[in-house]
Asks: 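Please read through the structure below; I'll follow up with questions.
Heavy-atom basis, side chains included; hydrogens, waters and symmetry copies ignored. Note that this is a predicted model, so its numbers are computed, not measured. Along the sequence shown, residues carry numbers from 1. One-based numbering, in listed order, for ligands and for the atoms of each.
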Amino acid sequence: MYLIKFGGSVLTDKTKAASFKQETMNQLALELHKAKKQYILVHGAGSFGHILAKKYHLSEGYTTPKQYQGFALTHAQVQLLNLYVLNALHIHHIPAVSIPPHALLTFSNHQPTQVDFSLFHKYIKTGFTPVTFGDVVLDETRGFSICSGDVLIQILAAQLKPEKVIFVLDEDGLYTSNPKIDATAEFIPTATIQDLKKYSTSENTYADVTRGMEGKLDTIQSIAKMGIDTILLNGNKKNRLYEILIGQNTRHTLICGGKE
Ligand code: IP8
């Protein structure tokens, strides 16, 4: 079983509110269909979630009643993005079923506390493809919180011990620095936990309330410490996801799971 995360910057144009990249999603859905693997899909919120979450300061937790409207609007938008993702999967005959995090987990002080992932198990066992996503959630001490897709990946990896975790990004993989702003950035084909600690990534320029690539490196480190390999690949380049899934060589970064 694989755990696959579609980054928000692959599925949406992060500079424009609620702009879905339909063609990219159709291509990725086709690749998943062709590969015929068992997986759980997690997707980021992209410009459906981050712009509103930033506007209403949702990552800070409750500060003003106006945020209730912001919470509700943000949830509706990420649910809409989820519907677009599901539609593309259904067109390619993938029996995708949505599992919205806000109805499943509770946070306390911005960290997940009560997590019941038995639904994922049950759907997988029955032959469905569970799809979950970055969402807003209730928080026992802060009122509410943001649950990023990366946090979900981390918890799901710990509970379900997938064969591999795959991050589908808008870059070929990991670089020594941010390739979007640094022309000297070098591509890294393989890395260990020790290597990860060395690589700095500058903050991206878009509204990203969950720390972008920097947060992702923390997530990957904790997955690697569970002994699980992580793959980073470019979702904008046709067939890379498919090739990885069928075990064919293609450009990607492999982060080897193992001890620190
Ligand atoms: O895009 C963020 O999820 P991510 C969720 O996976 C919201 O970091 C609501 C902004």
Asks: Got more than 12 heavy atoms from elsewhere within 6.0 Å of NZ, Lys34?
Replies: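 For Lys34, atom NZ is crowded (more than 12 foreign heavy atoms under 6.0 Å).
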
Asks: Please identify which atoms of ligand 1 are closer than 4.0 Å to at least one heavy atom of Gly49.
Replies: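 Near Gly49, meaning under 4.0 Å from one of its heavy atoms, ligand 1 has 10 (C).
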
Asks: Parallel, tilted or perpendicular for Tyr62 and Phe144, by the 30°/60° rule?
Replies: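 Ring orientation of Tyr62 relative to Phe144: perpendicular.
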
Asks: When you compare ligand 1 with Ala45, is there at least one nitrogen or oxygen pair between them that comes in under 3.5 angstrom?
Replies: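 Min N/O separation from ligand 1 is below 3.5 Å for Ala45.
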
Asks: Main chain of Ile193, side chain of Gln221: is a donor-acceptor contact present, judged purely on distance under 3.5 Å?
Replies: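 Checking the backbone N and O of Ile193 against the side chain of Gln221, no donor-acceptor pair under 3.5 Å is found.
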
Asks: When you measure from the side chain of Ser47 to the backbone of Asp13, do you find a donor-acceptor pair of N or O atoms at a distance under 3.5 Å?
Replies: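 Looks like yes, one N/O pair under 3.5 Å.
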
Asks: Taking non-hydrogen atoms only, is His102 closer than 4.0 angstrom to ligand 1 via side chain, backbone, both or neither?
Replies: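 Neither part.
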
Asks: May I ask which of Gly7, Gly134, Ser145 has a heavy atom nearer to atom 5 (C) of ligand 1 than the others do?
Replies: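 The residue whose heavy atom sits nearest atom 5 (C) of ligand 1 is Gly134.
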
Asks: Looking only at the side chains, is there a donor atom on one of Asp116 and Ser118 sitting less than 3.5 Å from an acceptor on the other?
Replies: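 The answer is yes; a qualifying pair exists.
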
Asks: Could you tell me which atoms of ligand 1, counted from 1 in the order shown, lie closer than 4.0 angstrom to a heavy atom of Gly149?
Replies: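 What qualifies from ligand 1 is 3 (O), 4 (P), 6 (O).
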
Asks: At a non-hydrogen distance cut-off of under 4.0 Å, which region of Asp135 contacts ligand 1 (side chain, backbone, both, or neither)?
Replies: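 For Asp135, only backbone atoms sit under 4.0 Å from ligand 1.
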
Asks: State whether the shortest distance between N or O atoms of Ser148 and N or O atoms of ligand 1 falls below 3.5 angstrom.
Replies: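 In this structure, Ser148 places no N or O atom under 3.5 Å from an N or O of ligand 1.
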
Asks: Other residues, nucleotides and ligands only: do more than 12 of their heavy atoms fall within 6.0 Å of OH on Tyr84?
Replies: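 Not more than 12 within 6.0 Å, no.
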
Asks: Should you measure from each heavy atom of Thr74, which atoms of ligand 1 turn up under 4.0 Å away?
Replies: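 So the answer, numbered in order with elements, is 9 (C).
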
Asks: Mark the output for Lys5 as yes if a heavy-atom distance to ligand 1 is under 4.0 Å, and as no if none is.
Replies: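 True for this residue.
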
Asks: Taking NZ, NE, NH1 and NH2 as the nitrogens, is one of them in Lys164 or Asp229 under 4.0 Å from a carboxylate oxygen of the other?
Replies: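 No salt bridge links Lys164 with Asp229.
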
